[in-house]
Amino acid sequence: MPNVLLLGGTTEASALTQRLAAAGIAATLSYAGRTHAPRAQPVPVRIGGFGGVEGLATYLREHGVTHLVDATHPFAATMSRHAVAAAHEAGIPLIALTRPAWEPVAGDRWTRVADIPEAVAALEGPARSVMLALGRMHVEAFAAQPQHHYLLRFVDTPDTPPVLPRHSLVVDRGPFTVEGDRALMAAHGIAVVVCKNAGGTGAAAKLAAARALSLRVVMIDRPAVPERHETHDIDAVLRWLGHAVPSGTERGV
Ligand code: 3Y8
Ligand code: NAP
């Protein structure tokens, strides 16, 4: 019987834990511990880093993990690199459950950039209202463009106020809605939205909202992750675990 370690923190990871619990497959969901109250899960949860590749390899061996599923966010590149290395070291199979990158559609006004520093550089110019839909970890970099009024959205109330001289803060966890994001952007007179190409459904609302308001979007491309067995389909993960998925069941997210 499989004993799965699932590296989580995404909508897809949460959808997979529901399917694993329903199938009676032993699984543990792992969070880094970035948020105060992560979503409750129908499987046991562990919270905190493993202590690098060695720590994860030791965890895999000591807990008799038979399958490693990396369902982390596409920008959690360090975790994904460690997962590939530790699975190899511990001699257990790994699959990544990811979501396709977002692609621009008619009406989108995207400026694609490679990383956070390029996103900061793309904000050169006169003061505007800018929505930083990037969470908490990268806010400091934007102090290099202090002329703007920034709208920030964090999962938790920060212990110390953000360093940007002019900012408004919204504390909200996704998944978000188009109506909600559109109203938020209109209320703050947003001219530009900065976001990561997260893909998936949990954060896509802001793209549709920006399109409806004809706003510029600075879209940060994903960091590189190592070659690995990868799927976008939850049913494929269950089949990979040796679980017969009846044909015609609902598709994974
Ligand atoms: C701790 C677990 C679920 C998963 C929900 C998804 C959707 C909502 C959208 C915006 C963008 C952002 C941010 C975001 C989204 C989902 C998903 C997703 C983006 C939780 C969660 C954890 C985190 C960590 C957090 C980061 C932050 C990033 C906010 C839980 C809610 C901006 C990414 O305060 C901090 O330190 C927050 C850190 C990494 C990026 C950053 O730099 O601040 N996610 N987000 C996970 C852990 O500890 O291992 O608390 O329940 C999960 C989710 N966040 O089960 O429903 O699938 O992507 N998360 C981005 O996409 O740019 C918000 O505001 O529009
Ligand atoms: P990261 O930079 O790739 O990883 C940094 C370190 O955090 C890892 O080396 C590991 O510590 C620990 N870590 C990361 N994910 C973990 C997990 N699921 N379980 C246990 N330890 C984990 O990671 P990140 O970008 O900060 O993302 C952290 C978490 O937030 C992940 O669960 C990710 O899915 C989620 N998330 C991130 C984003 C984002 O924008 N980055 C967006 C949504 C959700 P050790 O080296 O000590 O093992």
Side-chain angles (χ1 to χ4, degrees), residues 5-18 28-43 45-60 68-86 96-99 101-102 116 119 131-142 151-160 162 169-178 180-181 184-185 190 193-210 217-226 253:
L5 176 65
L6 172 55
L7 303 175
T10 58
T11 304
E12 290 73 16
S14 293
L16 179 56
T17 56
Q18 298 291 337
T28 300
L29 179 74
S30 178
Y31 283 124
R34 289 266 186 285
T35 53
H36 293 165
R39 174 198 286 266
Q41 294 290 342
V43 298
V45 169
R46 67 163 299 287
I47 297 181
F50 295 96
V53 173
E54 282 319 306
L56 177 53
T58 301
Y59 179 97
L60 295 172
L68 180 57
V69 180
D70 177 2
T72 57
H73 188 275
F75 280 71
T78 303
M79 186 71 259
S80 290
R81 272 200 311 280
H82 289 189
V84 168
L97 175 61
T98 62
R99 54 261 184 126
W102 292 319
I116 296 280
M131 179 176 181
L132 285 188
L134 301 173
R136 178 183 60 87
M137 296 197 308
H138 304 289
V139 166
E140 287 72 17
F142 292 85
L151 171 61
L152 307 174
R153 179 153 68 183
F154 291 178
V155 177
D156 296 316
T157 305
D159 303 334
T160 54
L169 174 63
V170 166
V171 177
D172 191 0
R173 63 171 48 230
F176 303 102
T177 63
V178 179
D181 278 3
L184 181 68
M185 292 172 187
I190 297 298
V193 178
V194 182
C195 66
K196 299 172 193 164
N197 197 325
T201 55
K206 58 181 172 282
L207 304 184
V217 172
V218 176
M219 180 62 72
I220 304 169
D221 283 335
R222 298 174 169 190
V225 288
V253 282

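Just follow the structure's listing: the first ligand is 1, and inside any ligand the first atom is 1. Values below: every heavy atom of this structure, side chains too, minus hydrogens, waters and symmetry copies.
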Problem - Full working for side-chain contact (heavy atoms from CB on, under 4.5 Å) between K206 and V217 - result: CA-CA 10 Å; K206 58 181 172 282; V217 172; over 6 Å; no

Problem - Min side-chain heavy-atom separation P158-L152 under 4.5 Å - result: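 No, every pair of side-chain atoms sits at 4.5 Å or beyond.
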
What distance separates [X] [atom1] from [Y] [atom2], expressed to the nearest 0.5 Å?
X	Y	atom1	atom2	answer
F75	D221	CZ	CG	7.5 Å
Q41	L16	CD	CG	10.0 Å
R153	D181	CZ	CG	4.0 Å
L29	R39	CG	CZ	10.5 Å

Practice task
Tell me the residues surrounding ligand 2, counting only those with a heavy atom closer than 4.0 angstrom, sorted by chain and number.
Solution key: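 Within 4.0 Å of ligand 2, protein side: G8, G9, S30, Y31, A32, R34, R46, G48, G49, F50, G51, G52, T72, H73, F75, A76, A77, T78, M79, H82, M137, K196.
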
Problem - Under 4.0 Å from ligand 1 - residues by heavy atom, chain and number - result: G9, T10, T11, E12, S14, Y31, A32, G33, R34, T35, P38, R39, H73, R99, A133, L134, G135, R136, M137, H138, R153, V155, R173, G174, F176, K196, A198, G202, A203, K206

Indicate the atoms forming the closest heavy-atom contact of [X] with [Y], along with that distance.
X	Y	result
C195	L134	CA-CD2, 3.6 Å
R136	F154	CA-CE2, 3.6 Å
A205	F176	CB-O, 3.5 Å

